[in-house]
Chemist: 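Could you have a look at this structure, given as structure tokens, before my questions?
Indexing begins at 1, ligand by ligand and atom by atom, following the structure's order.
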Amino acid sequence: MVFWFNSDRERGRVFAEAFARDLPDLPFVMDISERDPEEIRYILTWTTPPDLHRFRNLEIVFCIGAGVDQFKTETLPSNVMLVRMVEDGIVRMMQEYVTLAVLALHRNLKAYIGQQADATWRSLPVRQAAQQRIGILGLGMLAQAVIERLKPFGFPFAAWSRSEQHFDGVDCYHGPGGLTPFLARTDILICLLPLTKDTQGLLDGELFAALPAGAALVHVGRGAQLDHDALIAALDEGHLSGAVIDVTEPEPLSPEHVFWRHPKITLTPHIASATQPETAARAVIDNIKRHRDGLDPIGLVDRNRGY
Ligand code: NDP
């Protein structure tokens, strides 16, 4: 029984130390060239490795990231579990990024950076937090953590999920029928949805039109959820006031892409959050122990839902 770490060596070294310390009976390898594929029980990887059928005794594929849209799940045998990364480091970084983005939009930071470049000393109107309605697309692990971090500022919150959810202090909407009323009460929209066939292209012109005039977007889900032309049109018409974009399709964007130089867009290169090896190794080890105890791993992906 062997664990194959199929990712970058730097993080692999941290994982190797943690496995040697906390799971010494499970051989941990980064190079499988000398191994019989039938020994491999667990793989940690970003996406489906080639020739997966070689690993006839594979039980769990752990994704090194929180999203699993890059997997070709149809190539994973149905008896193999796919587990996304659920670990404290990803959560903390996402809380930081979204807090940074929301406060930057709330307090007009982009406009002040522009004014500084022109040596313009002028105050801009600012709403009180209680009037700045935050709406989150998704109410999963990351959305909930972001809400907890933002709560002390006093923003009113709503969230939209696939199934009916309840979360303290949040107006909860769900399903296709809940989307329009959710958007109508949202001034800063945060996308924290997984990429699935249902969420692909969701951030389009129709969705932007359903937001109140002057609303802003924080996009930290996945690039293929956003229609770039529709965003530019909504910003240029003045219907949307700004956007903070961390994910795009493709990544990276070409140097000519309009997002780089748009005065209302803040663009970052998919850095909102990243798996931290110390905490991630702990999470994977705990999951292997759960599996050995006959429990489902935390972060088990439902292949029918796609997340
Ligand atoms: P979860 O699986 O915990 O939560 C997903 C949420 O999205 C759930 O509330 C789910 O609804 C909702 N949802 C899914 N499909 C739909 C739909 N069709 N309509 C409405 N709601 C839907 O995911 P996480 O919070 O852990 O992560 C969310 C995403 O964030 C990841 O999939 C990844 O794409 C992205 N991400 C981005 C990073 C970055 O650096 N930019 C880093 C990490 C993640 P329900 O509650 O009903 O199931």
Side-chain angles (χ1 to χ4, degrees), residues 46-47 62-71 73 82-102 135-150 157-167 170-183 186 189-204 207 210 217-226 243-249 251-253 266-276 279-280 283 296-307:
W46 168 246
T47 189
F62 292 99
C63 177
I64 196 152
V68 294
D69 50 280
Q70 67 282 10
F71 277 88
T73 46
L82 176 61
V83 177
R84 69 200 183 89
M85 190 57 76
V86 175
E87 64 95 5
D88 294 346
I90 290 186
V91 173
R92 268 186 284 108
M93 289 185 76
M94 188 58 81
Q95 289 176 313
E96 289 172 5
Y97 185 96
V98 176
T99 302
L100 177 78
V102 164
I136 309 201
L137 291 165
L139 188 49
M141 171 183 77
L142 294 176
Q144 292 181 19
V146 160
I147 291 168
E148 290 299 352
R149 185 58 87 242
L150 283 171
F157 288 102
W160 180 70
S161 53
R162 193 181 54 85
S163 58
E164 187 172 356
Q165 303 286 352
H166 301 278
F167 195 75
V170 178
D171 284 342
C172 291
Y173 298 78
H174 69 279
L179 185 57
T180 306
F182 159 81
L183 294 169
T186 291
L189 179 70
I190 302 164
C191 180
L192 261 169
L193 289 169
L195 178 62
T196 65
K197 60 176 175 27
D198 294 329
T199 66
Q200 174 135 5
L202 183 76
L203 302 174
D204 63 4
L207 180 140
L217 171 70
V218 178
H219 185 30
V220 278
R222 282 289 182 260
Q225 290 159 341
L226 175 64
V244 178
I245 306 293
D246 183 55
V247 286
T248 60
E249 176 63 39
E251 291 178 0
L253 290 177
T266 303
L267 181 66
T268 54
H270 200 148
I271 46 73
S273 185
T275 297
Q276 300 304 301
T279 36
D296 275 346
I298 292 171
L300 180 62
V301 171
D302 177 332
R303 303 234 205 134
N304 293 322
R305 292 186 323 190
Y307 66 94

Chemist: State if T196 counts as touching ligand 1 under the rule of any non-hydrogen atom under 4.0 Å.
Modeler: no
Chemist: Which bit of L142 is near ligand 1, meaning a heavy atom under 4.0 Å away: side chain, backbone, both or neither?
Modeler: both
Chemist: What protein heavy atom sits nearest atom 11 (O) of ligand 1, and how far away is it?
Modeler: R162 N, 3.2 Å
Chemist: Below 4.0 Å, non-hydrogen atoms only: which portion of H174 touches ligand 1? Side chain, backbone, both or neither.
Modeler: neither
Chemist: If only atom types and distance count, is the side chain of Q95 paired as donor or acceptor with the main-chain N or O of A145 below 3.5 Å?
Modeler: yes
Chemist: Got an N/O contact under 3.5 Å between D198 and ligand 1?
Modeler: no
Chemist: When you compare the side chain of Y307 with that of T199, does any pair of heavy atoms fall below 4.5 Å?
Modeler: no
Chemist: At under 4.0 Å between heavy atoms, which part of V68 makes contact with ligand 1: side chain, backbone, both or neither?
Modeler: neither
Chemist: Give the residue, atom name and distance (to 0.1 Å) of the protein heavy atom nearest atom 41 (N) of ligand 1.
Modeler: D246 OD2, 3.0 Å
Chemist: Using atom types as modelled and distance alone, determine if a side-chain donor or acceptor of D69 lies under 3.5 Å from a backbone N or O of L195.
Modeler: no
Chemist: When you compare ligand 1 with T199, is there at least one nitrogen or oxygen pair between them that comes in under 3.5 angstrom?
Modeler: no
Chemist: Under 4.5 Å between any side-chain heavy atoms of V146 and V102, yes or no?
Modeler: no
Chemist: Who's the nearest protein heavy-atom neighbour of atom 28 (C) of ligand 1, and how far?
Modeler: L192 O, 3.4 Å
Chemist: Using only atom types and a distance under 3.5 Å, with no angle test, would you say the side chain of Q200 pairs donor to acceptor with the backbone of K197?
Modeler: no
Chemist: Is there a side-chain contact between W160 and L183, using heavy atoms and a 4.5 Å cut-off?
Modeler: no
Chemist: Can you tell me if T279 and E87 form a side-chain donor-acceptor pair at under 3.5 Å?
Modeler: yes
Chemist: Taking the side chain as C-beta and beyond, is there a heavy-atom pair between V220 and V247 under 4.5 Å?
Modeler: no
Chemist: Looking only at distances, can you tell me whether any N or O atom of L139, backbone or side chain, sits closer than 3.5 Å to an N or O atom of ligand 1?
Modeler: yes
Chemist: Of the backbone atoms (N, CA, C, O) and the side-chain heavy atoms from C-beta on, which set of L193 has a member under 4.0 Å from an atom of ligand 1: side chain, backbone, both, or neither?
Modeler: both
Chemist: For M94, which part has a heavy atom under 4.0 Å from ligand 1: side chain, backbone, both, or neither?
Modeler: side chain
Chemist: Please confirm whether the backbone N or O of L139 pairs with a side-chain atom of S161, one donor and one acceptor, at under 3.5 Å?
Modeler: no
Chemist: Could an N or O of ligand 1 be found under 3.5 Å from any N or O of V220, whether backbone or side chain?
Modeler: yes
Chemist: Do the side chain of W46 and the main chain of C63 share a donor and acceptor less than 3.5 angstrom apart?
Modeler: no
Chemist: Are any of the N or O atoms of G140 closer than 3.5 Å to those of ligand 1?
Modeler: yes
Chemist: Name the closest protein heavy atom to atom 5 (C) of ligand 1, giving the residue it belongs to and the distance to 0.1 Å.
Modeler: P194 CD, 3.6 Å
Chemist: Any N/O of D69 closer than 3.5 Å to an N/O of ligand 1?
Modeler: no
